[in-house]
Chemist: 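I am attaching a structure below and will ask some questions about it afterwards.
Computed from heavy atoms alone, side chains included, the values below leave out hydrogens, waters and symmetry copies. Note on naming: letters A, B, ... go to the chains in the order of the sequence lines (proteins, then strands), and numbering restarts at 1 for each one. Quick caveat, the model's predicted, so the values are computed rather than measured.
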Amino acid sequence: MVRVRIAPSPTGIPHIGNTRTALFNYLFAKHNKGKFILRIEDTDRKRIVQGAQEAIVEILDFLGIPPDETYIQSERMDEYKKHAKILLDKKLAYEKEGAVWMKIPENQIFSWTDLVGNKSISFKSQDVEDFVIIKSDGFPTYHLASVVDDHLMNISHIIRGDEWISSTPKHLLLYKSFSWTPPFFAHLPVILGKDKKKLSKRDGAESVLDYGNEGYLRDALLNFMVLLGWNPGGDKEIMSMEEMIRLFELKDIGTVAPIFDLQKLTWMNGEYVRMMDNKKLKASLLEFYSQDKDVTDFLKGDPKTLDLILDLAKTRMKTLKEFKDLVLPKIPELSEEERGIAKTLLKKLLVIKNWNKTTILSAMKEVLAMHKAKGSVLYKIITGFEKGLPLPESLEIAGKEKVIEMLKRLAI
RNA sequence: GCCGCCAUCGUCUAGUGGUCUAGGACAUCACCUUCUCAAGGUGGAGAUCGCGGGUUCGACUCCCGCUGGCGGUACCA
């Protein structure tokens with residue numbers, strides 16, 4: 001039975017790296033019909049951050065990768081104390097300055113086969129130092145608490161960041177001291193920023209929640225993250241959660257620290273926007289703009305009209321954030337010349353009898369020819385931006401009356 | 001410093017001794033389309049597979065060294 005866990009400490013908001021680790025654990029669990037466990041490691045009382053625990057849960061929820069079981073280490077103190085005593089009694093640990101320390105035996109080799117890259121890693125005991133297992137405040141350190149819990153919770157595979165590699169010999173010693181069989185280990189390379197340094201605020205948003213607030217879609221985020229250090233082979237890139245679960249295997253995890261490339265995420269998000277049907281897109285937009293009455297009012301307008309507009313907008317937005325400027329015009333600041341063009345446009349549109357995109361387009365072309373102007377001028381006049389949804393279509397949708405009225409106000 | 005991990009286009013990667021004059025995707029450039037901007041289509045440029053030694057009839061693929069990057073070296077996780 002596969003049982004995996006993520007063990008975040010509530011000392012801050014999880015960043016993309018931690019979140020990807022959670023995703024990989026989730027996919028591995030589901031691929032093997034196993035369990036995905038969340039264990040809050042709140043043993044460092046000094047560094048606990050208010051709201052961090054809630055943020056962890058919120059992120060898993062946002063991504064749709066909820067844990068099957070949840071544990072909190074501060075509620076399991078008895079276990080850690082009990083197990084520390086066993087080590088003390090066996091004389092494998094000792095007390096010093098109010099803390100309990102694990103003694104590293106001499107002339108030993110600690111080695112394991114890491115499932116990332118399927119290679120053997122080993123450390124000599126002379127390179128490992130005695131370490132604290134119970135701090136003087138009575139709380140266990142990560143080393144003791146995680147080993148005890150992983151064993152008690154029947155964790156089969158530990159999939160975690162590779163900053164843990166050099167701690168693994170300590171964990172191996174603990175397993176041996178308790179006469180427990182250690183689980184399998186898979187250490188994931190960290191995700192780096194553009195500068196090849198650890199991902200930081202400079203690289204943009206910090207947590208997936210921030211990306212969500214920037215108008216990135218859950219499915220795109222998931223798809224992009226899974227490809228950071230994992231590849232099922234072949235050229236397939238766009239994958240649904242079901243496909244990821246079906247294809248996910250530890251042997252396909254890369255050994256190289258990937259760099260987070262926002263441009264590719266943005267492209268992929270655009271792909272997902274275009275793949276969505278209008279009903280789903282509308283729902284996503286409604287959620288994203290829930291605080292913006294102008295946009296939600298627009299979205300709640302005539303469904304048929306909205307449908308047409310969504311079709312036009314889909315190929316022009318990479319993130320949901322770009323939707324507003326696409327559909328809600330702003331008042332343009334026109335030069336004298338542009339005002340003249342606006343007047344001509346008004347005149348030409350006014351005489352159209354059969355108001356549709358074809359007649360509107362030919363009117364537009366006449367105006368452009370008369371003024372020897374580029375099409376972008378008309379977009380500036382009507383939308384306030386030099387580009388936008390195709391005018392013939394959107395003016396047809398808006399209706400002659402509304403368009404004329406608006407142009408009159410501008411041209412005066 | 002010591003210990004460990006890693007090393008293919010700018011980026012994500014395919015590649016497990018010969019099929020590689022190294023494939024795909026993002027980004028980039030050109031063209032097509034065109035009322036603007038996109039989307040889409042076609043094509044181009046872009047990697048002497050970090051460097052140096054081996055092993056082999058033959059190395060991107062195996063071994064060693066070097067260099068570089070990253071991580072660890074806490075009564076933090």
Side-chain angles (χ1 to χ4, degrees), chain A residues 7-12 18 41-47 73 96-101 114 116-117 119 121-124 126-129 131-143 145-146 160-169 187 189-190 192 194-198 224 227-238 252 254-268 270-271 273-274 312-318 322 326 357 360-369 373-380 382-383 385-393 395:
Chain A
S9 62
T11 52
N18 298 328
E41 311 238 325
D42 55 349
T43 54
D44 185 347
R45 311 309 289 175
K46 292 184 284 289
R47 294 202 309 152
Q73 284 190 326
K96 190 177 96 182
E97 292 161 357
V100 181
W101 295 68
D114 207 285
V116 169
K119 75 243 169 185
I121 300 178
S122 61
F123 287 79
K124 298 185 186 71
Q126 67 205 54
D127 293 322
V128 185
E129 295 183 326
F131 58 97
V132 171
I133 53 176
I134 300 281
K135 295 177 273 190
S136 53
D137 67 358
F139 278 83
T141 58
Y142 172 88
H143 305 306
S146 72
R160 69 205 331 182
D162 70 1
E163 69 269 25
W164 290 106
I165 287 180
S166 36
S167 295
T168 304
H187 288 98
V190 294
L192 305 176
K194 275 190 293 292
D195 51 4
K196 296 205 177 200
K197 296 272 187 258
K198 240 181 168 175
F224 177 72
L227 256 15
L228 245 30
W230 174 78
N231 186 289
D235 297 334
K236 193 163 184 52
E237 287 202 307
I238 304 288
D252 295 320
T255 52
V256 184
I259 291 171
F260 186 92
D261 180 10
L262 187 62
Q263 277 187 321
K264 187 147 185 175
L265 200 214
T266 304
W267 162 76
M268 191 170 272
E271 289 286 302
V273 169
R274 272 170 258 134
L312 297 176
K314 256 183 199 174
T315 58
R316 279 164 254 258
M317 50 194 267
K318 296 206 189 299
E322 294 167 58
L326 237 27
K357 64 182 180 207
I360 296 167
L361 178 57
S362 48
M364 283 167 55
K365 280 182 171 168
E366 283 173 46
V367 175
L368 290 176
K374 286 270 286 175
S376 57
V377 146
L378 302 182
Y379 284 80
K380 185 178 175 188
I382 292 179
T383 70
F385 300 94
E386 293 196 344
K387 56 185 183 176
L389 304 186
L391 245 21
E393 285 83 351
L395 293 191

Chemist: Looking across every strand, which nucleic acid part, if any, lies under 4.0 Å from A/Pro8 by heavy atom: base, sugar-phosphate, or nothing?
Modeler: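 Touches nothing.
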
Chemist: Between B/C12, B/C37, B/G4, which one does the side chain of A/Phe123 approach most closely?
Modeler: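 It is B/G4.
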
Chemist: In the structure shown, which nucleotide is the Watson-Crick or G-U wobble counterpart of B/U28, with both distances under 3.5 Å?
Modeler: B/G44

Chemist: Among B/A77, B/C35, B/A39, which nucleotide sits nearest the side chain of A/Pro390?
Modeler: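 The nucleotide sitting nearest to the side chain is B/C35.
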
Chemist: Closest to the A/Tyr379 side chain: B/U36, B/C70, B/G40?
Modeler: B/U36

Chemist: With respect to the side chain of A/Leu192, which nucleotide from B/A77, B/C35, B/C70 is positioned closest?
Modeler: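 Of B/A77, B/C35, B/C70, B/C70 is nearest to the side chain of A/Leu192.
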
Chemist: Measure from the side chain of A/Glu41, starting at C-beta and using heavy atoms only, and say which of B/C35, B/C6, B/A77 lies closest.
Modeler: B/A77

Chemist: Mapping A/Asp261 and A/Leu265 to their closest nucleotides on RNA chain B, which lands nearer the 5' end?
Modeler: A/Asp261

Chemist: Taking the P atom in each of B/G24 and B/A47, what is the distance between them to the nearest angstrom?
Modeler: 15 Å

Chemist: Roughly how many Å apart are B/G18 and B/G54, using the P atom of each and rounding to a whole number?
Modeler: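 22 Å, rounded to whole Å.
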
Chemist: First locate atom CG of A/Leu312, then atom NZ of A/Lys314, and finally report the distance between them rounded to the nearest 0.5 Å.
Modeler: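 That separation rounds to 10.5 Å.
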
Chemist: Using a cut-off of 4.0 Å on non-hydrogen atoms, how would the nucleic acid contact of A/Leu228 be classed: base, sugar-phosphate, or nothing?
Modeler: sugar-phosphate

Chemist: Which sits closer to the 5' end of RNA chain B, A/Gln73 or A/Trp267, going by the nucleotide each is nearest to?
Modeler: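 In this pair, the answer is A/Trp267.
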
Chemist: State, yes or no, whether a side-chain contact exists between A/Thr168 and A/Asp114 at a heavy-atom distance under 4.5 Å.
Modeler: no

Chemist: Check A/Gly254 against A/Val116 and note the closest heavy-atom contact, atom names and distance.
Modeler: O-CG1, 3.6 Å

Chemist: Identify whether any heavy atom of A/Ser376 sits under 4.0 Å from a base atom; if not, whether one sits that close to sugar-phosphate; answer base, sugar-phosphate or nothing.
Modeler: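 Sugar-phosphate contact only.
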
Chemist: Counting N and O atoms only, with roles assigned by atom type, does the side chain of A/Asp42 sit under 3.5 Å from a partner on the main chain of A/Pro10, one being a donor and the other an acceptor?
Modeler: no

Chemist: What nucleotide among B/G71, B/C3, B/C35 has an atom nearest to a side-chain atom of A/Glu163?
Modeler: B/G71

Chemist: So what's B/A59 paired with, Watson-Crick or G-U wobble, going by both distances under 3.5 Å?
Modeler: none

Chemist: Without decimals, in angstroms, what is the distance between A/Asp114 CG and B/G71 C1'?
Modeler: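 Roughly 14 Å, once rounded to whole Å.
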
Chemist: What's the NZ-C1' distance between A/Lys380 and B/C35, to the nearest Å?
Modeler: 17 Å

Chemist: With respect to the phosphate group of B/C76, does any side-chain polar atom (N or O) of A/Arg45 fall under 4.0 Å of OP1 or OP2?
Modeler: no

Chemist: Between B/G44 and B/C62, how far apart are the P atoms? Round to whole Å, please.
Modeler: 32 Å

Chemist: Going by the angle between their ring planes, with limits at 30° and 60°, are A/His143 and A/Trp164 parallel, tilted or perpendicular?
Modeler: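 Ring orientation of A/His143 relative to A/Trp164: perpendicular.
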
Chemist: Determine the Euclidean distance between corresponding P atoms of B/C26 and B/A39; express it in Å to zero decimal places.
Modeler: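 Approximately 10 Å lies between the P atom of B/A39 and that of B/C26.
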
Chemist: So, OP1 or OP2 of B/U11: does either fall under 4.0 Å of a side-chain N or O from A/Lys264?
Modeler: no

Chemist: B/C3 P sits how many Å from A/Asp162 CG, rounded?
Modeler: 19 Å

Chemist: Heavy atoms under 4.0 Å, any strand shown: does A/Ser146 hit a base, just sugar-phosphate, or nothing?
Modeler: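 The answer is nothing, as A/Ser146 stays clear of every strand by at least 4.0 Å.
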
Chemist: Tell me whether the side-chain N/O atoms of A/Lys314 come closer than 4.0 Å to OP1 or OP2 in B/A38.
Modeler: no

Chemist: State whether A/Lys135 places a side-chain N or O below 4.0 Å from either non-bridging phosphate oxygen (OP1 or OP2) of B/A77.
Modeler: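 Looking at the OP1 and OP2 atoms of B/A77, one of them is under 4.0 Å from a side-chain N or O of A/Lys135.
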
Chemist: Rounded to whole Å, how long is the line connecting atom CG of A/Leu262 with atom P of B/C26?
Modeler: 16 Å

Chemist: Between A/Thr141 (side chain) and A/Val132 (backbone), is there a donor-acceptor pair under 3.5 Å?
Modeler: yes

Chemist: Within the structure, does a side-chain N or O atom of A/Ser166 lie under 4.0 Å from either OP1 or OP2 of B/C5?
Modeler: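 Answer is no, no contact under 4.0 Å.
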
Chemist: With respect to the phosphate group of B/C3, does any side-chain polar atom (N or O) of A/Lys124 fall under 4.0 Å of OP1 or OP2?
Modeler: no

Chemist: Write down the partner of B/C51 under the Watson-Crick or G-U wobble criteria, each distance required to be under 3.5 Å.
Modeler: B/G65

Chemist: Indicate, with a heavy-atom threshold strictly under 4.0 Å, whether A/Gln263 touches base, sugar-phosphate, or nothing.
Modeler: sugar-phosphate

Chemist: Taking the C1' atom of each, how far is B/A27 from B/A45, in whole Å?
Modeler: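 Taking atom C1' in both B/A27 and B/A45, they lie 13 Å apart.
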
Chemist: Within the supplied structure, the quantity of interest is the number of heavy atoms (other residues, nucleotides, ligands) at a distance under 6.0 Å from A/Lys124 NZ; does it exceed 12?
Modeler: no

Chemist: What is the distance from NE2 of A/His187 to C1' of B/C6, rounded to the nearest Å?
Modeler: 15 Å

Chemist: Find the distance A/Asn231:CG to B/U8:P and express it as a whole number of Å.
Modeler: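 From A/Asn231 CG to B/U8 P: 14 Å.
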
Chemist: Looking only at the side chain of A/Arg47 (C-beta and beyond, no hydrogens), which of the listed nucleotides B/C76, B/U36, B/C70 gets closest?
Modeler: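 The answer is B/C76, which lies nearest to the side chain.
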
Chemist: Within the structure shown, what part of the strands sits under 4.0 Å from A/Gly98 by heavy-atom distance: base, sugar-phosphate, or nothing?
Modeler: nothing

Chemist: Give me the distance, rounded to whole Å, that separates B/A7 from B/C60 when you measure between the C1' atoms they each carry.
Modeler: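 Rounded to whole Å, the distance is 12 Å.
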
Chemist: Partner of B/U21 by Watson-Crick or G-U wobble geometry, both contacts under 3.5 Å, or none?
Modeler: none

Chemist: Using the side-chain heavy atoms of A/Ala99, tell me which of these nucleotides is nearest: B/C35, B/C37, B/C75.
Modeler: B/C75

Chemist: When you compare B/C49 with B/U11, how far apart are their P atoms, in angstrom units rounded to a whole number?
Modeler: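 The answer is 16 Å between these two P atoms.
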
Chemist: Given atom CE of A/Met268 and atom P of B/A27, what is their separation to the nearest angstrom?
Modeler: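 Result: 11 Å.
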
Chemist: Quick one: label A/Lys318 by what it contacts on the DNA or RNA (base, sugar-phosphate, nothing), any heavy atom closer than 4.0 Å.
Modeler: sugar-phosphate

Chemist: Measuring from the side chain of A/His143 (C-beta onward, heavy atoms only), which nucleotide among B/C37, B/A25, B/A77 has the closest atom?
Modeler: B/A77

Chemist: So A/Pro392, base contact, sugar-phosphate only, or nothing? Heavy-atom distance under 4.0 Å.
Modeler: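 Since a base atom lies under 4.0 Å of A/Pro392, the category is base.
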
Chemist: Could you tell me the separation between the CG atom of A/Asp235 and the C1' atom of B/G23, rounded to a whole number of Å?
Modeler: 7 Å

Chemist: How close do A/Pro258 and A/Gly229 get, heavy atom to heavy atom, and via which atoms?
Modeler: CG-N, 4.1 Å

Chemist: Any side-chain heavy-atom pair from A/Asp252 and A/Asn231 closer than 4.5 angstrom?
Modeler: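 Answer no - side chains too far apart.
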
Chemist: Would you indicate, yes or no, if B/C76 has its OP1 or OP2 atom less than 4.0 angstrom from a side-chain nitrogen or oxygen of A/Thr11?
Modeler: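 Answer no for this pair, as no side-chain N or O of A/Thr11 is under 4.0 Å from OP1 or OP2.
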
Chemist: By nearest atom, which of the nucleotides B/A39, B/C12, B/C3 is closest to the A/Ile259 side chain?
Modeler: B/C12

Chemist: State whether the distance check finds a donor on one side and an acceptor on the other, under 3.5 Å, for side chain A/Thr315 versus base B/A38.
Modeler: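 Flag set: donor-acceptor pair detected.
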
Chemist: I'd like to know if the side chain of A/Lys135 reaches the main chain of A/Thr43, judged simply by a donor and an acceptor atom lying under 3.5 Å from each other, with no hydrogens or angles considered.
Modeler: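 Yes, A/Lys135 side chain to A/Thr43 backbone: donor-acceptor pair under 3.5 Å.
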
Chemist: If we call it a pair only when both distances are under 3.5 Å in a Watson-Crick or G-U wobble match, what pairs with B/G71?
Modeler: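 Checking every strand shown, B/G71 finds its partner in B/C3, with both distances under 3.5 Å.
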
Chemist: Say we look at B/G41 and B/U34: how far apart would their C1' atoms be, to the nearest angstrom?
Modeler: 14 Å

Chemist: Could you check which nucleotide pairs with B/A77 in any of the strands shown, counting Watson-Crick or G-U wobble with both distances under 3.5 Å?
Modeler: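 Per the H-bond distance test, none.
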
